[in-house]
Amino acid sequence: MRHWLLKSEPTSFGIDDLARAPRRTTTWDGVRNYQARNMLRDDMRRGDQAFLYHSSCDIPGIVGIVQITREGYPDPTAFARRHPHYDPDSVRAAPRWFMVDIRLQRKFTRVITLDELRAHAAKELQGLALLRPGNRLSVMPVTAPHWHFICALE
DNA sequence: GCCAACGTTGGC
DNA sequence: GCCAACGTTGGC
């Protein structure tokens with residue numbers, strides 16, 4: 001099993017929205033970056049786990065764990081002319097953008113803040129993609145040792 | 001293929 | 001609101 005980290009902005013869709021969703025499940029649509037697309041399309045497997053990370057908010061950090069419940073499939077919002085994520089270059093015969101389905105597994109009892117993660121950047125969390133300067137990817141891999149260390153922080 | 005301009009992300 | 005980072009675009 002592989003581990004991941006997914007970013008979301010809680011003002012548009014956060015962990016509490018996911019908790020209220022039917023079957024605590026949602027489509028992870030709207031990703032429009034090729035590197036992230038490749039991971040959604042090619043690398044994520046049903047049953048993989050991912051941290052949910054809140055960005056662009058008062059206290060950025062990891063807020064819980066989700067499971068991948070459906071592997072990569074074409075993102076239909078790219079086909080919808082009036083949708084904010086519409087991409088005229090993505091057509092049904094040759095979809096450009098992909099998404100997965102996720103289900104909330106567990107909301108953490110507290111936010112594991114970006115500050116707290118950074119405090120371990122030089123040692124236990126060395127190489128964590130989230131802590132790389134200038135990183136803006138909304139989907140990134142997390143190694144098993146990093147995963148377990150972060151879970152233990154809670 | 002190069003690279004400047006531009007847009008977006010996201011912490012602060 | 002600012003700004004650094006960096007992906008994308010498009011002229012050449």
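The figures that follow rest on heavy atoms only: side chains count, while hydrogens, waters and symmetry mates do not.
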Distance, nearest 0.5 Å, that separates OG of A/S138 from CE of A/M39:
8.0 Å

Respond yes when some side-chain nitrogen or oxygen of A/R32 is under 4.0 Å from OP1 or OP2 of B/dG7, and no when none is.
no

Find the distance between CG (A/L117) and OH (A/Y53) and round it off to the nearest 0.5 Å.
7.5 Å

Between A/R110 and A/E154, does any side-chain N to carboxylate O distance fall below 4.0 Å?
no

Compare side-chain N and O positions of A/K7 against OP1 and OP2 of B/dG10 and report whether any pair is under 4.0 Å apart.
yes

Atom CG of A/D89 and atom P of C/dT8: how far apart are they, to the nearest Å?
13 Å

Rounded distance (Å) that lies between atom C1' of B/dG7 and atom NE2 of A/H85
14 Å

Here the distance between atom P of C/dT9 and atom CG of A/N33, to the nearest Å, is 11 Å

For atom CG of A/N38 and atom C1' of C/dG7, their distance in whole Å:
14 Å

In whole Å, what is the span from the CG atom of A/L137 to the C1' atom of B/dG11?
16 Å

How many Å lie between CG on A/D58 and P on B/dG10, as a whole number?
16 Å

Of the candidate nucleotides B/dC12, C/dT8, B/dT8, which contains the atom at the shortest distance from the side chain of A/R136?
B/dT8

Separation of atom CZ in A/R132 from atom C1' in C/dA4, rounded to whole Å:
15 Å

Spacing between A/M140 atom CE and B/dG10 atom C1', to the nearest angstrom:
11 Å

Establish, with yes or no, whether the OP1 or OP2 oxygen of B/dT9 is under 4.0 angstrom from a side-chain nitrogen or oxygen of A/Y53.
no

Over 60° means perpendicular and under 30° means parallel, so tell me whether A/W97 and A/Y34 are parallel, tilted or perpendicular.
tilted

